[in-house]
There are 2 protein chains.
Amino acid sequence: MTLDNARKFAEQALELARQAAALGEVPVGAIVVHQGRVIGQGHNQPRALNDPTAHAEIMAIRAACAALGTDRLTGCDLWVTLEPCAMCAGAIAHARIARLHYAASDPKGGAVEHGPRLFQQPTVLHKPEVYAGVGAEDAAALLKAFFAERR
Amino acid sequence: MTLDNARKFAEQALELARQAAALGEVPVGAIVVHQGRVIGQGHNQPRALNDPTAHAEIMAIRAACAALGTDRLTGCDLWVTLEPCAMCAGAIAHARIARLHYAASDPKGGAVEHGPRLFQQPTVLHKPEVYAGVGAEDAAALLKAFFAERR
(Lines give C-alpha, C1' and ligand atoms only; values in the text may rest on other atoms or scores of the structure.)
Protein backbone atom coordinates (compact mmCIF):
# COMPACT_ATOMS: atom_id res chain seq x y z
CA MET A 1 0.00 0.00 0.00
CA THR A 2 1.28 3.46 -0.90
CA LEU A 3 1.32 6.29 1.62
CA ASP A 4 -1.20 8.11 -0.56
CA ASN A 5 -3.60 5.18 -0.34
CA ALA A 6 -3.15 4.92 3.43
CA ARG A 7 -3.90 8.63 3.77
CA LYS A 8 -6.95 8.30 1.53
CA PHE A 9 -8.48 5.39 3.46
CA ALA A 10 -7.74 6.94 6.86
CA GLU A 11 -9.38 10.16 5.64
CA GLN A 12 -12.49 8.28 4.44
CA ALA A 13 -12.90 6.67 7.86
CA LEU A 14 -12.43 10.08 9.49
CA GLU A 15 -15.12 11.60 7.27
CA LEU A 16 -17.54 8.90 8.48
CA ALA A 17 -16.59 9.74 12.07
CA ARG A 18 -17.45 13.39 11.34
CA GLN A 19 -20.85 12.27 10.06
CA ALA A 20 -21.44 10.39 13.34
CA ALA A 21 -20.58 13.53 15.35
CA ALA A 22 -23.00 15.60 13.27
CA LEU A 23 -25.73 13.12 14.25
CA GLY A 24 -24.83 13.29 17.95
CA GLU A 25 -23.23 9.83 17.96
CA VAL A 26 -19.73 9.15 19.31
CA PRO A 27 -17.50 10.02 16.31
CA VAL A 28 -15.97 6.78 15.12
CA GLY A 29 -15.93 5.75 11.46
CA ALA A 30 -14.81 2.62 9.62
CA ILE A 31 -14.42 1.25 6.11
CA VAL A 32 -13.64 -2.19 4.68
CA VAL A 33 -11.37 -2.29 1.64
CA HIS A 34 -11.20 -5.21 -0.78
CA GLN A 35 -8.64 -5.16 -3.59
CA GLY A 36 -8.27 -1.40 -3.27
CA ARG A 37 -12.00 -0.67 -3.31
CA VAL A 38 -14.22 0.38 -0.38
CA ILE A 39 -16.91 -2.33 -0.13
CA GLY A 40 -18.42 -1.41 3.25
CA GLN A 41 -18.54 1.59 5.51
CA GLY A 42 -20.17 2.65 8.73
CA HIS A 43 -20.10 4.96 11.70
CA ASN A 44 -21.28 4.65 15.27
CA GLN A 45 -25.04 4.87 15.55
CA PRO A 46 -26.27 2.86 18.54
CA ARG A 47 -28.68 5.61 19.55
CA ALA A 48 -30.28 6.27 16.17
CA LEU A 49 -30.69 2.54 15.50
CA ASN A 50 -31.51 1.49 19.08
CA ASP A 51 -28.75 -1.07 18.69
CA PRO A 52 -25.83 -1.33 21.15
CA THR A 53 -23.92 -3.39 18.55
CA ALA A 54 -24.05 -0.58 15.96
CA HIS A 55 -20.40 0.40 16.26
CA ALA A 56 -18.57 1.67 13.17
CA GLU A 57 -16.62 -1.57 12.66
CA ILE A 58 -19.70 -3.80 12.95
CA MET A 59 -21.63 -1.62 10.51
CA ALA A 60 -18.76 -1.67 8.00
CA ILE A 61 -18.20 -5.43 8.33
CA ARG A 62 -21.91 -6.21 7.90
CA ALA A 63 -22.11 -3.96 4.84
CA ALA A 64 -18.99 -5.48 3.31
CA CYS A 65 -20.23 -9.03 3.89
CA ALA A 66 -23.58 -8.15 2.31
CA ALA A 67 -21.75 -6.65 -0.68
CA LEU A 68 -19.61 -9.77 -1.20
CA GLY A 69 -22.35 -12.26 -0.26
CA THR A 70 -20.21 -14.01 2.34
CA ASP A 71 -19.59 -14.10 6.08
CA ARG A 72 -15.79 -14.01 5.63
CA LEU A 73 -13.75 -10.97 4.62
CA THR A 74 -10.54 -12.88 3.89
CA GLY A 75 -7.94 -10.60 2.33
CA CYS A 76 -9.77 -7.40 3.31
CA ASP A 77 -8.45 -4.37 5.22
CA LEU A 78 -10.49 -2.61 7.89
CA TRP A 79 -9.75 1.06 8.60
CA VAL A 80 -11.22 2.59 11.75
CA THR A 81 -10.60 5.86 13.54
CA LEU A 82 -10.39 4.35 17.05
CA GLU A 83 -8.87 1.25 18.61
CA PRO A 84 -11.63 -1.41 18.50
CA CYS A 85 -13.43 -2.53 21.67
CA ALA A 86 -13.74 -6.22 22.61
CA MET A 87 -17.00 -6.62 20.71
CA CYS A 88 -15.54 -5.17 17.53
CA ALA A 89 -12.19 -6.94 17.85
CA GLY A 90 -14.15 -10.18 18.20
CA ALA A 91 -16.17 -9.37 15.08
CA ILE A 92 -12.93 -8.58 13.19
CA ALA A 93 -11.64 -12.04 14.13
CA HIS A 94 -14.89 -13.77 13.13
CA ALA A 95 -14.84 -11.91 9.79
CA ARG A 96 -11.23 -12.98 9.15
CA ILE A 97 -10.14 -9.41 8.36
CA ALA A 98 -6.55 -9.61 7.06
CA ARG A 99 -5.29 -6.21 8.17
CA LEU A 100 -6.63 -3.85 10.85
CA HIS A 101 -5.61 -0.19 10.67
CA TYR A 102 -6.74 2.06 13.47
CA ALA A 103 -5.97 5.70 14.11
CA ALA A 104 -6.34 6.73 17.78
CA SER A 105 -5.61 4.47 20.76
CA ASP A 106 -8.33 3.93 23.37
CA PRO A 107 -6.88 3.15 26.81
CA LYS A 108 -10.38 3.05 28.36
CA GLY A 109 -12.34 0.92 25.90
CA GLY A 110 -9.77 -0.51 23.51
CA ALA A 111 -9.20 -4.26 23.36
CA VAL A 112 -6.27 -4.48 20.93
CA GLU A 113 -3.35 -2.81 22.73
CA HIS A 114 -5.29 -2.29 25.96
CA GLY A 115 -7.52 -4.28 28.32
CA PRO A 116 -7.99 -7.88 27.15
CA ARG A 117 -5.57 -7.45 24.17
CA LEU A 118 -7.75 -9.82 22.24
CA PHE A 119 -5.43 -10.66 19.37
CA GLN A 120 -2.73 -11.68 21.84
CA GLN A 121 -4.99 -14.22 23.57
CA PRO A 122 -3.95 -17.83 22.90
CA THR A 123 -7.59 -18.77 22.18
CA VAL A 124 -8.18 -16.09 19.51
CA LEU A 125 -9.43 -17.81 16.34
CA HIS A 126 -7.97 -15.34 13.86
CA LYS A 127 -5.43 -12.57 14.23
CA PRO A 128 -5.20 -9.74 11.69
CA GLU A 129 -2.03 -7.79 11.05
CA VAL A 130 -2.40 -4.62 13.13
CA TYR A 131 -1.27 -1.12 12.10
CA ALA A 132 -1.94 1.73 14.53
CA GLY A 133 -1.53 5.47 14.40
CA VAL A 134 -2.24 6.71 10.85
CA GLY A 135 -4.47 9.76 11.35
CA ALA A 136 -4.45 9.37 15.13
CA GLU A 137 -4.27 13.09 15.93
CA ASP A 138 -7.28 14.06 13.81
CA ALA A 139 -9.37 11.15 15.06
CA ALA A 140 -8.50 11.86 18.71
CA ALA A 141 -9.17 15.60 18.32
CA LEU A 142 -12.64 14.86 16.90
CA LEU A 143 -13.48 12.61 19.85
CA LYS A 144 -12.10 15.12 22.37
CA ALA A 145 -14.14 17.97 20.90
CA PHE A 146 -17.27 15.80 20.88
CA PHE A 147 -17.03 14.88 24.55
CA ALA A 148 -15.94 18.39 25.60
CA GLU A 149 -19.12 19.82 24.08
CA ARG A 150 -21.25 17.36 26.06
CA ARG A 151 -19.71 17.95 29.47
CA MET B 1 -36.44 -16.52 39.90
CA THR B 2 -38.03 -19.91 40.53
CA LEU B 3 -36.41 -23.14 39.39
CA ASP B 4 -39.37 -23.67 37.07
CA ASN B 5 -38.74 -20.33 35.39
CA ALA B 6 -35.03 -21.04 35.03
CA ARG B 7 -35.82 -24.37 33.41
CA LYS B 8 -38.37 -22.74 31.10
CA PHE B 9 -36.00 -20.03 29.85
CA ALA B 10 -33.07 -22.45 29.43
CA GLU B 11 -35.38 -24.74 27.44
CA GLN B 12 -36.51 -21.86 25.19
CA ALA B 13 -32.90 -21.00 24.38
CA LEU B 14 -32.20 -24.68 23.70
CA GLU B 15 -35.16 -24.88 21.32
CA LEU B 16 -33.66 -21.96 19.34
CA ALA B 17 -30.34 -23.81 19.25
CA ARG B 18 -32.15 -26.82 17.79
CA GLN B 19 -33.62 -24.56 15.09
CA ALA B 20 -30.10 -23.37 14.21
CA ALA B 21 -28.91 -26.99 13.88
CA ALA B 22 -31.83 -27.81 11.59
CA LEU B 23 -30.68 -24.96 9.33
CA GLY B 24 -27.07 -26.19 9.31
CA GLU B 25 -25.86 -23.39 11.61
CA VAL B 26 -23.82 -24.01 14.77
CA PRO B 27 -26.53 -24.77 17.36
CA VAL B 28 -26.53 -21.87 19.81
CA GLY B 29 -29.72 -20.12 20.90
CA ALA B 30 -30.42 -17.09 23.07
CA ILE B 31 -33.31 -15.13 24.54
CA VAL B 32 -33.60 -11.81 26.37
CA VAL B 33 -36.08 -11.65 29.24
CA HIS B 34 -37.56 -8.43 30.61
CA GLN B 35 -39.82 -8.54 33.65
CA GLY B 36 -40.50 -12.23 33.10
CA ARG B 37 -41.34 -11.88 29.39
CA VAL B 38 -39.20 -12.92 26.41
CA ILE B 39 -38.65 -9.71 24.40
CA GLY B 40 -35.96 -10.90 22.00
CA GLN B 41 -34.66 -14.18 20.69
CA GLY B 42 -32.15 -15.46 18.18
CA HIS B 43 -29.95 -18.28 17.06
CA ASN B 44 -26.68 -18.46 15.20
CA GLN B 45 -27.07 -17.69 11.52
CA PRO B 46 -23.88 -16.16 10.13
CA ARG B 47 -24.08 -18.30 6.99
CA ALA B 48 -27.71 -17.73 6.10
CA LEU B 49 -27.40 -13.98 6.70
CA ASN B 50 -23.85 -13.57 5.34
CA ASP B 51 -23.08 -11.84 8.63
CA PRO B 52 -20.22 -12.96 10.89
CA THR B 53 -21.78 -10.97 13.75
CA ALA B 54 -25.03 -12.98 13.59
CA HIS B 55 -24.42 -14.96 16.77
CA ALA B 56 -27.39 -15.96 18.91
CA GLU B 57 -26.68 -13.36 21.60
CA ILE B 58 -26.29 -10.48 19.11
CA MET B 59 -29.53 -11.45 17.35
CA ALA B 60 -31.42 -11.64 20.66
CA ILE B 61 -29.99 -8.34 21.94
CA ARG B 62 -30.79 -6.50 18.70
CA ALA B 63 -34.34 -7.88 18.69
CA ALA B 64 -34.86 -6.97 22.36
CA CYS B 65 -33.55 -3.42 21.83
CA ALA B 66 -35.82 -2.99 18.82
CA ALA B 67 -38.78 -4.23 20.90
CA LEU B 68 -38.08 -1.78 23.74
CA GLY B 69 -36.95 1.09 21.49
CA THR B 70 -33.66 1.58 23.31
CA ASP B 71 -29.99 0.65 23.08
CA ARG B 72 -29.83 -0.35 26.78
CA LEU B 73 -31.28 -3.54 28.25
CA THR B 74 -30.93 -2.45 31.88
CA GLY B 75 -32.60 -4.96 34.18
CA CYS B 76 -32.84 -7.67 31.52
CA ASP B 77 -31.65 -11.29 31.66
CA LEU B 78 -29.93 -12.98 28.73
CA TRP B 79 -30.15 -16.77 28.46
CA VAL B 80 -27.82 -18.50 26.00
CA THR B 81 -26.91 -22.14 25.47
CA LEU B 82 -23.14 -21.56 25.19
CA GLU B 83 -20.56 -19.41 26.98
CA PRO B 84 -20.39 -16.15 24.98
CA CYS B 85 -17.36 -15.32 22.80
CA ALA B 86 -15.51 -12.01 23.13
CA MET B 87 -17.73 -10.30 20.54
CA CYS B 88 -20.92 -11.35 22.33
CA ALA B 89 -19.58 -10.68 25.83
CA GLY B 90 -18.67 -7.19 24.61
CA ALA B 91 -22.19 -6.71 23.23
CA ILE B 92 -23.67 -7.91 26.55
CA ALA B 93 -21.62 -5.24 28.33
CA HIS B 94 -22.64 -2.50 25.85
CA ALA B 95 -26.29 -3.52 26.24
CA ARG B 96 -26.02 -3.35 30.06
CA ILE B 97 -27.57 -6.82 30.47
CA ALA B 98 -28.17 -7.31 34.23
CA ARG B 99 -27.84 -11.08 34.40
CA LEU B 100 -26.17 -13.52 31.99
CA HIS B 101 -27.17 -17.19 32.18
CA TYR B 102 -25.30 -19.62 29.98
CA ALA B 103 -25.56 -23.39 29.76
CA ALA B 104 -22.42 -25.05 28.35
CA SER B 105 -18.87 -23.80 28.87
CA ASP B 106 -16.69 -23.14 25.81
CA PRO B 107 -12.98 -23.57 26.58
CA LYS B 108 -12.04 -22.86 22.93
CA GLY B 109 -14.12 -19.78 22.09
CA GLY B 110 -15.59 -18.62 25.40
CA ALA B 111 -14.61 -15.24 26.82
CA VAL B 112 -16.36 -15.29 30.20
CA GLU B 113 -14.66 -18.05 32.20
CA HIS B 114 -12.05 -18.72 29.49
CA GLY B 115 -9.62 -16.78 27.30
CA PRO B 116 -9.82 -13.03 27.92
CA ARG B 117 -12.38 -13.43 30.79
CA LEU B 118 -13.90 -10.18 29.68
CA PHE B 119 -16.01 -9.38 32.72
CA GLN B 120 -12.96 -9.72 34.96
CA GLN B 121 -10.99 -7.10 32.98
CA PRO B 122 -10.47 -3.86 34.95
CA THR B 123 -11.49 -1.82 31.87
CA VAL B 124 -14.86 -3.57 31.30
CA LEU B 125 -17.58 -0.90 31.21
CA HIS B 126 -20.37 -3.08 32.61
CA LYS B 127 -20.37 -6.45 34.34
CA PRO B 128 -23.51 -8.58 34.48
CA GLU B 129 -24.14 -11.15 37.20
CA VAL B 130 -23.10 -14.47 35.66
CA TYR B 131 -24.84 -17.83 36.20
CA ALA B 132 -23.44 -20.84 34.37
CA GLY B 133 -24.51 -24.45 33.96
CA VAL B 134 -28.34 -24.62 33.80
CA GLY B 135 -29.06 -26.98 30.89
CA ALA B 136 -25.36 -27.46 30.14
CA GLU B 137 -25.58 -31.17 29.31
CA ASP B 138 -28.35 -30.79 26.71
CA ALA B 139 -26.70 -27.76 25.10
CA ALA B 140 -23.30 -29.47 24.93
CA ALA B 141 -24.80 -32.71 23.56
CA LEU B 142 -26.51 -30.77 20.76
CA LEU B 143 -23.23 -29.08 19.79
CA LYS B 144 -21.30 -32.36 19.97
CA ALA B 145 -23.81 -34.16 17.74
CA PHE B 146 -23.77 -31.26 15.26
CA PHE B 147 -19.99 -31.28 14.86
CA ALA B 148 -19.78 -35.12 14.88
CA GLU B 149 -22.15 -35.22 11.89
CA ARG B 150 -19.96 -32.81 9.95
CA ARG B 151 -16.65 -34.56 10.47
Side-chain angles (χ1 to χ4, degrees), chain A residues 25-26 32 40 44-55 57-74 76 83-97 106-112 114-126, chain B residues 25-26 32 40 44-55 57-74 76 83-97 106-112 114-126:
Chain A
E25 304 269 11
V26 175
V32 172
N44 262 20
Q45 45 185 333
R47 288 181 187 186
L49 297 184
N50 288 328
D51 181 355
T53 74
H55 282 198
E57 301 92 316
I58 303 275
M59 303 302 289
I61 286 171
R62 297 180 70 212
C65 285
L68 293 186
T70 173
D71 65 340
R72 298 272 170 107
L73 296 172
T74 315
C76 291
E83 180 185 351
C85 72
M87 175 179 74
C88 292
I92 286 165
H94 288 307
R96 308 296 197 275
I97 291 284
D106 184 2
K108 266 179 79 178
V112 177
H114 296 99
R117 292 176 175 77
L118 224 73
F119 301 128
Q120 293 173 45
Q121 292 286 337
T123 56
V124 74
L125 78 164
H126 169 82
Chain B
E25 304 269 9
V26 175
V32 172
N44 261 21
Q45 45 185 333
R47 289 180 188 187
L49 297 183
N50 288 328
D51 181 356
T53 74
H55 283 198
E57 300 93 316
I58 303 275
M59 303 302 290
I61 285 171
R62 297 180 70 212
C65 285
L68 292 187
T70 173
D71 65 340
R72 299 272 170 107
L73 296 172
T74 315
C76 291
E83 181 185 350
C85 71
M87 175 180 75
C88 292
I92 286 163
H94 288 307
R96 309 295 197 274
I97 291 284
D106 184 4
K108 265 178 81 177
V112 178
H114 295 99
R117 292 176 174 78
L118 223 73
F119 301 128
Q120 294 173 43
Q121 292 285 339
T123 55
V124 75
L125 79 163
H126 169 82

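Proteins get letters first, then strands, A, B, ... in listed order; numbering begins at 1 in each.
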A.B. asks: Determine, for B:R62 against A:D51, whether the closest basic-nitrogen to carboxylate-oxygen distance falls under 4.0 angstrom.
C.D. replies: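 A salt bridge links B:R62 with A:D51.
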
A.B. asks: Measure distances from A:P46 to the heavy atoms of chain B and classify the residue's part below 4.5 Å as side chain, backbone, both or neither.
C.D. replies: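 Contact with chain B is through both the backbone and side chain of A:P46.
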
A.B. asks: Give, for atom CD1 of A:I58 and atom CD1 of B:I58, the distance between the pair rounded to the nearest 0.5 Å.
C.D. replies: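 Reported to 0.5 Å precision, the distance equals 6.0 Å.
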
A.B. asks: What pair of heavy atoms forms the shortest contact from B:T123 to A:K108, and how long is it?
C.D. replies: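 Closest pair (atom of B:T123, atom of A:K108, distance): CB-O, 3.4 Å.
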
A.B. asks: Please determine which of B:R72, B:H94, B:R96 meets the side chain to side chain contact (heavy atoms under 4.5 Å, CB included) test together with A:P52.
C.D. replies: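 Single side chain to side chain contact (heavy atoms under 4.5 Å, CB included) partner of A:P52 among B:R72, B:H94, B:R96: B:H94.
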
A.B. asks: Can you measure from OG1 (A:T53) to CD (B:E57) and round to the nearest 0.5 angstrom?
C.D. replies: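 Rounded to the nearest 0.5 Å, the OG1-CD separation comes out at 12.0 Å.
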
A.B. asks: Starting at CG of B:L118, measure out to CD of A:Q121 and round the result to the nearest 0.5 Å.
C.D. replies: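 Result: 9.0 Å between the selected atoms.
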
A.B. asks: Please list every donor-acceptor pair under 3.5 Å in which a side-chain atom of residues 85-92 of chain A meets a protein atom from a residue at least two apart or in another chain.
C.D. replies:
none

A.B. asks: Please identify each residue that fulfils side chain to side chain donor-acceptor pair (under 3.5 Å) with A:H114, with sequence neighbours left out.
C.D. replies: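 A:H114 satisfies side chain to side chain donor-acceptor pair (under 3.5 Å) with A:E83 only.
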
A.B. asks: Can you say whether A:L125 sits under 4.5 Å from chain B via the side chain, the backbone, both, or neither, judging by heavy atoms?
C.D. replies: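 Nothing of A:L125, per the 4.5 Å heavy-atom cut-off to chain B.
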
A.B. asks: Around A:R47, counting heavy atoms of other residues, nucleotides and ligands shown, do more than 12 lie under 6.0 Å from its CZ?
C.D. replies: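 No, the 6.0 Å shell around CZ holds no more than 12 heavy atoms from other groups.
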
